[in-house]
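Following: one structure in structure tokens, then a few remarks.
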Amino acid sequence: MSFVLTEEEQMLRDSAKDFLAAKSPVSELRRLRDEGCKDGFRHAVWRGMAEMGWNGIVVEEDFGGVDMGFTAAGVLLREMGRTLAATPFIPSAILSATLLRLAGSDAQKGEHLPKIAGGEAVYAFAFDEKARHDPGTIDTRATKDGNGFRLNGSKRFVACGNGADMLIVAARLEDDSLGFFLVDPKADGVTKTMRRTVDSHVPADIDFKDVKLDGDAMLSGGADGQATFDHVLDVGRACLAAEQLGTAEEAFDRTLSYLKDRSQFGQPIGSFQSLQHRAAHMLGEIELAHSLVMKALRTLDENPSQAPLWIAAAKAKATEVSRHVTGEAIQMHGGIGMTDEHEIGFFFKRARAAGEFMGDERFNAERVATTTGF
Amino acid sequence: MSFVLTEEEQMLRDSAKDFLAAKSPVSELRRLRDEGCKDGFRHAVWRGMAEMGWNGIVVEEDFGGVDMGFTAAGVLLREMGRTLAATPFIPSAILSATLLRLAGSDAQKGEHLPKIAGGEAVYAFAFDEKARHDPGTIDTRATKDGNGFRLNGSKRFVACGNGADMLIVAARLEDDSLGFFLVDPKADGVTKTMRRTVDSHVPADIDFKDVKLDGDAMLSGGADGQATFDHVLDVGRACLAAEQLGTAEEAFDRTLSYLKDRSQFGQPIGSFQSLQHRAAHMLGEIELAHSLVMKALRTLDENPSQAPLWIAAAKAKATEVSRHVTGEAIQMHGGIGMTDEHEIGFFFKRARAAGEFMGDERFNAERVATTTGF
Amino acid sequence: MSNLESFRKETRDWLEANCPASMRQPMKDEKDVCWGGKKFEFANDDQKLWLDRMAEKGWTAPQWPVEYGGGGLSSDEAQILKEEMKAINARDPLTSFGIWMLGPALLKYGSEEQKKHYLPQITRGEIRWCQGYSEPGAGSDLASLRTKGVDKGDYYEVTGQKVWTSYADKADWIFALVRTEPDKPKHEGISFLLIDMESDGVTTKPIKLISGKSPFCETFFDEVKVPKANLIGTAGKGWDIAKYLLSHERTNIVGAGGMAAGLNPVGAAHKSGEVDDKGRIADPMLRADVARLTIDALAFEATMRRVKDESDAGQGVGARASMLKYIGTELNKRRHELNLSAMGADGLLWEGPDPSDGGPARDWLRSRANSIEGGTSEIQLNILAKRVLNLPGA
Amino acid sequence: MSNLESFRKETRDWLEANCPASMRQPMKDEKDVCWGGKKFEFANDDQKLWLDRMAEKGWTAPQWPVEYGGGGLSSDEAQILKEEMKAINARDPLTSFGIWMLGPALLKYGSEEQKKHYLPQITRGEIRWCQGYSEPGAGSDLASLRTKGVDKGDYYEVTGQKVWTSYADKADWIFALVRTEPDKPKHEGISFLLIDMESDGVTTKPIKLISGKSPFCETFFDEVKVPKANLIGTAGKGWDIAKYLLSHERTNIVGAGGMAAGLNPVGAAHKSGEVDDKGRIADPMLRADVARLTIDALAFEATMRRVKDESDAGQGVGARASMLKYIGTELNKRRHELNLSAMGADGLLWEGPDPSDGGPARDWLRSRANSIEGGTSEIQLNILAKRVLNLPGA
């Protein structure tokens with residue numbers, strides 16, 4: 001296992017930097033927000049990402065993907081974290097794609113994965129039912145109804161839930177095992193409530209009331225539902241940790257520039273030793289998070305059974321570090337950092353929200369304890 | 001309730017400063033250690049304290065005390081914390097005296113309290129049975145035997161246990177309620193194992209094997225044993241927090257002096273901003289601990305039913321702050337602080353040990369949560 | 001009956017007779033706060049009546065001298081007034097930067113004529129004031145300000161820009177620091193000027209914060225004529241007045257930090273259903289963090305009391321305001337962080353169907369400014385290191 | 001078979017044939033560490049035999065040139081030797097400051113004659129070296145040292161005091177920084193001298209630490225005559241050599257921090273019985289703190305690996321040693337704190353009937369020096385701020 005990016009991954013990173021700088025800089029997130037965009041992302045950007053091949057980064061080539069693995073996906077997400085790109089990448093290209101890949105029948109994969117990889121449709125994965133991430137609580141029920149099912153339950157804060165063309169819903173079957181159902185958000189009985197969150201993302205609370213589903217709505221190619229669910233969430237956490245790392249790194253870089261440029265009392269504020277030490281400490285924390293993110297992603301690619309511990313550690317540390325660094329960024333920017341006009345506040349907001357999604361620092365620290373055995 | 005010391009309390013503080021500087025400076029603790037003293041305290045100092053009236057600080061005047069209250073006791077302990085005075089003050093003059101006062105019959109009070117107040121004998125209170133403080137675990141048993149009792153069990157790290165003339169032992173009666181027994185450490189069946197701890201104190205592990213006790217060995221003047229036990233421990237915690245505060249304050253003062261005196265790179269190290277900010281932060285932390293200690297002691301004197309929350313907070317904070325400040329003291333002293341020759345290390349060691357006794361920061365934070373209701 | 005007892009009785013009777021019933025209700029929204037001033041629209045007649053009656057007694061500024069529109073009360077009497085108002089839930093008749101900021105400066109540094117002119121307008125709520133200190137680029141280094149006032153004989157011609165001028169768009173006058181002697185060292189050459197916001201050349205622009213709308217503005221001066229009669233104290237000595245006022249501001253922000261003590265992550269956890277069957281916060285790590293916060297909150301509460309007691313007794317450490325400001329604002333930030341953590345994704349809402357949606361997140365964001373405004377945490381630590389600990393300069 | 005494969009086979013065979021069985025056992029105590037030197041008493045014949053055989057092969061310093069007593073191995077070959085030794089649990093034949101500190105400096109800065117003279121004595125374990133850098137009062141400001149070497153023609157007369165000279169009481173020679181040109185600026189005028197500890201005027205005194213006995217000494221020089229032939233590099237340029245060596249020292253302390261990764265607060269909690277029926281640490285707050293420590297320990301472990309990978313690939317941030325030293329030593333202190341907390345009062349024992357009594361407390365105390373020795377944490381943060389972050393000087 002190497003901590004160094006392959007040449008291919010480095011090229012991917014460089015092209016991601018170029019694309020995102022041009023198509024999805026931080027100012028783009030501000031525009032989406034100020035326009036009151038209800039999807040929470042720009043379709044043109046999403047199509048552009050598909051053309052770059054990104055949306056099929058973890059999809060097999062047979063289904064239109066490039067199948068470069070999770071480390072490569074993390075390379076993209078780290079850059080997206082740097083520009084705060086608001087896209088359906090994690091909900092659609094990571095969570096839904098991985099879920100379909102693991103649990104879809106050949107027919108389902110053949111139908112849906114090319115749509116994801118090609119950027120034709122946006123998929124969202126609906127799993128949380130409470131305000132705090134709690135994968136143990138799934139009370140949404142799919143009951144047999146003729147050859148199909150009836151779906152009842154409520155999902156909360158479904159990422160990209162408002163802009164998605166298709167939902168995949170985690171629900172309990174009659175034997176209490178977990179199943180995953182493809183649900184058209186326009187179907188009868190589906191009610192979406194748009195939510196705007198502090199990071200200018202647009203998730204949705206979604207209620208399912210006696211929603212009638214065909215028999216082939218259930219993903220039917222996979223094995224144990226719980227194991228699949230756990231793994232898909234872990235994949236999502238590892239990828240999100242990469243995004244959080246990028247957010248922390250960019251906020252840190254911008255703060256460093258500010259420390260060098262801004263003068264007070266006749267000298268650059270970066271010459272004050274207390275700020276220097278806090279900056280150097282942050283450097284160390286970011287390096288620690290970086291190592292865990294790389295380790296988690298590579299392990300996911302090369303030795304997935306060993307990945308849960310590293311993923312939990314990576315998500316916990318990336319959450320802690322990105323919140324700490326963006327908070328210090330605000331403080332070190334002083335008054336200007338508190339204004340909406342300045343971009344640094346967007347980083348602070350996103351770090352908070354990304355930290356909450358799929359388990360915060362405490363949730364994942366608890367998993368580290370349990371996985372380690374204490 | 002006033003946070004300001006009364007004139008009487010201020011006079012007490014001033015005389016404590018003088019006495020301790022003369023009779024029990026830090027060098028005295030070093031001497032006790034280097035001599036391999038088995039009692040863990042100097043009898044001459046203890047007698048001197050009795051002559052000052054300190055040993056009866058919470059003993060009624062009828063029994064030879066001065067009965068000035070816990071705030072006054074805290075005033076003394078804060079000064080003892082400053083000079084790291086190793087004395088039986090908490091075990092004998094606080095814990096044992098308060099226990100006798102609350103739970104002793106008139107005869108028992110008349111016999112024992114004057115001895116404590118007069119410094120004639122050193123009493124120790126034996127309660128912990130595990131390495132970590134856990135007042136819920138008392139498995140030592142006192143079973144009826146004719147008119148008296150048989151005592152069986154083991155106590156651990158009894159403070160001043162090796163040098164005490166008399167033990168008071170917390171034990172379960174046959175109905176599982178708690179009782180307190182006066183036990184001569186020289187009695188048959190009592191085995192003491194001297195323990196030397198990192199702070200140069202000398203507690204003892206004490207085993208009781210079929211120790212025969214008279215009927216009047218049990219304290220028989222009090223009400224509910226559990227309530228008495230809880231209260232006595234809380235009294236001890238509040239007083240120990242005052243001692244910890246003094247230790248933190250003195251370590252801080254010495255570190256400040258060092259920061260002003262010591263030069264590196266051509267300037268006093270106290271002129272380096274990162275050290276200045278850490279020092280100013282410590283000042284704030286010490287002030288917070290100070291307020292909680294005062295609040296806990298005054299509440300104990302004036303409104304004891306409200307005291308448990310404040311005592312738990314005070315002991316938690318004093319533990320955290322004294323450990324933090326003495327750790328910073330070592331770091332800021334650099335290499336010289338690591339040498340046994342320098343006194344600052346004694347503060348670091350004592351802060352660790354005092355923090356453990358009667359519950360550390362976590363134990364008391366847990367109690368704050370429970371008492372507050374979450 | 002002692003003098004104080006009879007004062008209490010008279011006060012109680014007067015309040016009973018004069019405080020309108022509607023002014024004894026808790027405030028419902030921003031409009032219920034009476035700021036006064038020329039542009040102020042009273043929410044209702046009672047609000048105006050209550051202001052006028054209190055101003056008549058001088059009780060909008062109870063301890064100011066009677067000749068300047070104050071109540072002339074002793075500190076004990078003022079305390080009694082406060083208690084009696086609280087007893088009937090009487091609203092503050094007037095919220096005014098004039099009273100708690102400009103007034104003390106005028107009382108200390110103003111000429112007799114200035115006091116007579118400006119102070120009664122303040123106590124009667126006729127003129128609303130705002131503060132013009134900070135400038136873009138000045139930040140913590142306040143004395144580096146560049147707004148200049150050119151001496152034109154009987155007036156200064158003021159040109160420049162102020163920032164963080166709260167409610168400048170609603171104020172009638174501004175008290176501002178202006179560099180009138182550009183060749184002097186930076187702490188000298190600054191003057192304290194009173195400027196009519198209706199003067200030609202004054203414009204304002206609201207500032208949006210990361211938390212959303214705010215009362216802050218940018219205020220621009222373009223060759224504004226300010227009569228020399230509007231200079232407070234000595235020309236070039238405005239920095240002394242500024243320092244005097246900043247200590248007032250600092251104390252006030254500490255109070256703001258204390259207000260959020262009502263914010264309770266435990267309640268948030270209960271609301272989000274994240275408690276176990278014993279009512280304990282279910283996430284043990286969150287519970288641990290809240291317990292540690294609670295300890296520090298108790299410690300801060302006790303410290304506020306202790307500092308007051310010690311101050312009354314003439315004891316205690318110096319630079320108390322800096323210490324309390326640093327501790328209180330950092331504590332407040334932690335409190336908001338934990339509050340959001342206890343709420344989970346609900347705490348991330350920015351807006352939504354429920355009017356309270358977005359409140360916790362916006363309050364969380366706003367709390368970040370506490371450790372910046374009124375002197376950053378870093379400045380407070382510098383002050384403590386130098387003035388309390390007497391550590392040497394670099 | 002490739003060259004490396006055949007090297008591996010030869011090495012395996014040689015080790016099998018030459019490493020005594022007793023040298024394949026884990027070390028039991030301090031005596032099993034072979035330091036060499038004139039005063040060293042071998043624990044047994046095998047220890048000496050193993051040293052001699054390895055020294056004969058040049059494998060006590062595998063990568064040094066053969067002509068100086070080294071093994072002349074490539075870095076791949078050295079790695080294979082290490083692996084094969086580990087495979088049979090072979091002990092290190094020699095632990096030597098000469099090899100990991102003085103040697104690299106001599107190889108880089110020594111004259112051909114000096115290399116030929118000193119290096120083989122080192123690889124054969126004949127001469128034990130100690131380090132004489134730090135002085136009382138110098139501390140982090142190492143260049144402010146005052147031990148002086150007066151030029152007396154063909155020798156320097158050295159007078160002064162060194163501190164933190166590990167094992168000076170057991171060493172045969174010391175390599176020391178001495179101020180030979182007192183009029184030069186402080187970083188110049190320092191020379192790097194080799195001094196025989198048996199010279200007249202050299203005395204040592206052991207230093208007791210807060211953790212108890214230590215290998216550290218104070219070393220005093222009173223008009224000691226040091227021939228100029230013992231000068232390494234150029235007179236007055238000793239500071240360059242010192243900087244070069246300090247980076248070696250820093251790396252080593254990081255390694256020492258890593259070793260304590262075996263220390264496990266979870267184990268301590270189990271030992272003290274403070275676990276619940278599921279084997280979890282019973283105190284939820286302690287468990288939370290240990291979980292957070294575990295995350296950082298995993299992160300540090302991964303970072304050590306990443307830095308190595310990046311370094312091999314010619315990538316990565318600069319001043320890595322400073323970063324790892326800072327993080328590793330601060331982590332180690334936290335680990336020891338939590339270890340004691342998990343042990344409760346048992347962790348406070350200073351000495352007792354059980355030989356292991358006192359170990360945890362003494363290790364905890366010793367860990368505090370990690371963030372002081374080899375450059376304090378503050379110095380590392382300064383280095384990172386300046387060299388990696390390029391922040392401006394004050």
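Order of the sequence lines sets the chain letters (A, B, ...), proteins ahead of strands, with each chain counted from 1. Predicted, not measured: the structure shown is a model, and the values here were computed from it. The figures here come from the full heavy-atom set of this structure, side chains too, leaving out hydrogens, waters and symmetry mates.
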Looking only at heavy atoms, which of residues 277-286 of chain D get nearer than 4.5 Å to chain B?
-> D:Asp283, D:Pro284, D:Met285, D:Leu286
For chain B, which residues of residues 208-215 of chain D have heavy atoms nearer than 4.5 angstrom = D:Lys208, D:Leu209, D:Ile210
Given that the side chain runs from C-beta out, which part of [X] has a heavy atom under 4.5 Å from chain D: side chain, backbone, both or neither?
X	value
B:Gln264	both
B:Ile269	neither
B:Phe157	side chain

Any ring-ring contact (aromatic ring centres under 6.0 Å, His included) pairs touching residues 343-382 of chain D, not counting sequence neighbours?
-> B:Phe348-D:Trp364
So B:Val26 and B:Arg254, side-chain contact (heavy atoms from CB on, under 4.5 Å) or not? Walk me through it.
-> CA-CA 13 Å; B:Val26 180; B:Arg254 290 177 179 221; 3.7 Å; yes
Geometric class of the B:His133/B:Phe127 ring pair [parallel <30°, tilted 30-60°, perpendicular >60°] | perpendicular
Per-residue contact mode, D:Ser377 against chain B (heavy atom under 4.5 angstrom) | both
So what's closer than 4.5 Å to chain B heavy atoms on D:Glu351: side chain, backbone, both or neither?
-> both
May I ask you to check whether over 12 heavy atoms, not counting those of B:Glu341, lie within 6.0 Å of atom CD?
-> no
Looking at [options], which has the largest count of heavy-atom pairs under 4.5 Å with chain B?
options	result
D:Gly344, D:Ala369, D:Ala342	D:Gly344
D:Glu337, D:Lys186, D:Lys333	D:Glu337
D:Leu381, D:Ile207, D:Leu340, D:Val163	D:Leu340

Residues 365-374 of chain B vs chain D, non-hydrogen distance cutoff under 4.5 Å, contacting residues -> B:Ala365, B:Glu366
